[in-house]
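Heavy-atom basis, side chains included; hydrogens, waters and symmetry copies ignored. All values reported here derive from a predicted model rather than from experimental measurement.
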2 protein chains.
Amino acid sequence: MSEPTHETAQELAPPPERARTITDLARIAGVSPGTVSRALAGKSLVNAKTRERIEALAREHGFRLNQMASRLRRQKTGVIGVAIPLGHDRRQHISDAFFMTLLGYLADELTERGYDLMLRRVIPDRDGDWLDRFVGSGMVDGVIVIGQSDQFERIEAAAARFLPMVVWGNHQEGQRHCVVGTDNFAGGRLAAERLIAAGASTIGFLGSTDPIEFAARYAGAKSVADDKGVPIRALPTHLSPEHAADEIAAHLASDMAGIDGIFAASDMLAIACMTELQKRGIDVPGGMKLVGFDDLPIASQTRPALTTIRQDIAAGAARLADLLLRRMGGENTASVVLPPELVGRQTA
Amino acid sequence: MSEPTHETAQELAPPPERARTITDLARIAGVSPGTVSRALAGKSLVNAKTRERIEALAREHGFRLNQMASRLRRQKTGVIGVAIPLGHDRRQHISDAFFMTLLGYLADELTERGYDLMLRRVIPDRDGDWLDRFVGSGMVDGVIVIGQSDQFERIEAAAARFLPMVVWGNHQEGQRHCVVGTDNFAGGRLAAERLIAAGASTIGFLGSTDPIEFAARYAGAKSVADDKGVPIRALPTHLSPEHAADEIAAHLASDMAGIDGIFAASDMLAIACMTELQKRGIDVPGGMKLVGFDDLPIASQTRPALTTIRQDIAAGAARLADLLLRRMGGENTASVVLPPELVGRQTA
DNA sequence: GTGAAAGCGCTAACAA
DNA sequence: TTGTTAGCGCTTTCAC
């Protein structure tokens, strides 16, 4: 790939011959490739002097171990695959704020433990075989799926044959795959309770109910609303705030009959909604109560500050990493459901 | 890794023998491994009938090509390495909002073109050899470095020997490595001009000047301030908003003598600053003008909406991807400096 | 159009 | 302690 040209002759010594393979280095050192391999791996059974000499030569000749070959041979990659399926909304980008935040924490956790992350964005309906291809690619030791999207069944199927996989998402009674996630139903209940306590008499659920997580949030809110005799209905939008803005505006313009409390499926939608409300001169929370979901860092920075349902993303990432490593060690771990938490601020 | 147990006997046919390697499949199909390889690769010189038969058998027996082996043999990985050096601030996490947003767009771009991303978070002072190790690992076809941090010299050195590398960051006269980034100096000028036009008589620069990009922003602002006879000085903080909040509070409590305009090194710092100002009852922009940098999606959602210097992140990601692919093709591309743009909102 | 054979660069038995 | 050897699973000449 590179062409090591020697443009200026500043050094007196000739440039050291470049050792590309372990065999090159072995020849230079006058030992066998096996010894070089052992020396570089820090194996105890190699003579300390020999090791030091080989290490020095490796530095001098710019030698780097070819990880592809090493990993093929050892049948271990040191890489965790992270898949982000975007099935429920083709136009949703990987740049989604919640996923990115979770990914950031995951990268921190896993890098800390010596793994690299291989990121793959997936459009399931373009490629029905995406998950099996990923887990069977030989490129990763384990897989984390961020979000079930509308791929619940496919994930179940893969889980039957592939142990080292953990999923961020919603937990269903009796499911097979190991999932870490917030109790979305309980979160939905908290949101509706807060809206009703704040005086809302009719509730709108803003967002999509296609992804199973969001459906559970809606179901939770509905269970509370039904109990208290408060009407609730869905205000469907796409999930990325840019695409949702117009849809929100359209709802606000024509579709609100009586709605005075909005439960947004995510903070980003809640914030987009707040902007649209303010454009129309509707006071929050005076004219409209608003509750989000996620508690992204931004939620506390809006004016008025957003009341929302907190998912502990850092804790979630830590659990994902921990469970995955245990599964990679052969353990069959149970799912983890994290409790959501109401963060009461100013919008409801 | 997985143990394909056959728990229930729901199927009538016996479960198909699992073909793990191309040799397994060849034996089942009664052909040679070479033929299977050619068939699966869609090579033209294989009989159409044979190919179809092999493809069917591959599906039936759940065969997946081992990418590690394939890539070792072909000396091509299909993976782009993305390194995020965190040298200037050990406590800064990869979950930094700007980096994550850029990474999201990059993932969109590169996945679209058939590449996977391998993410690596780097703490340079723990590992002086990080970049050479990464580019020489044999695991990636090309490398994108997000942010120069304080690693300018090391990146220069790697660029001398390794062509397929592109860096997001600041451009220096005469530098060797190919960089894509905003003209930070010009951005700093825009910010200072705006603050002064809004009536600021003394300017504080909030953030760190260790990373070269931020130093350039400060230098740009200073050049304008000096021209106009407006005092300017640095209010140093860490870069992650969580860690910076207390430092900002401390500055506001003791260190502001005369400062009535703040240029924050990033939007996240600006937002954290706004929150601290509001806590103290200082009106923005009445009591303090404020300008950020980045124009993250959040910037338009704060109240008051943040005046900031826009970096076109999506365009930047597209250029990074484009240049890298050209370099992987052997071309020696020039750097790209994107113009910043003032986005005038309500805080200055 | 297909098979046989030689590696990609490395590691780990097994010998010495 | 070190060398030799046989692969990891795949691709690609070179024959036929």
Whole-Å distance, B:Asn66 CG to D:dG9 C1', equals 6 Å
Closest to the 5' end of DNA chain C, once B:Val31 and B:Arg73 are matched to their nearest nucleotides, is B:Val31
Comparing nearest nucleotides in DNA chain C, the 5'-proximal residue of the pair B:Ala48, B:Ala69 is B:Ala48
Taken to the nearest whole Å, NZ/B:Lys43 to C1'/C:dG3 is 16 Å
Rounded to whole Å, CD of B:Gln75 lies from C1' of C:dG7 at a distance of 11 Å
A:Arg71 CZ to D:dC10 C1', in whole Å, measures 18 Å
A:Arg319 atom CZ, over 12 foreign heavy atoms within 6.0 Å:
no
Whole-Å distance, A:Ile54 CD1 to D:dT2 P, equals 8 Å
Rounded to whole Å, the CG-P distance (B:Leu72 to D:dG7) equals 17 Å
Between CZ of A:Arg74 and P of C:dG9 the distance, given in whole Å, is 17 Å
B:Met139 atom CE is separated from C:dC8 atom C1', nearest whole Å, by 15 Å
Result for 5'-nearest mapping on DNA chain D, choosing between A:Arg38 and B:Ser37, is A:Arg38
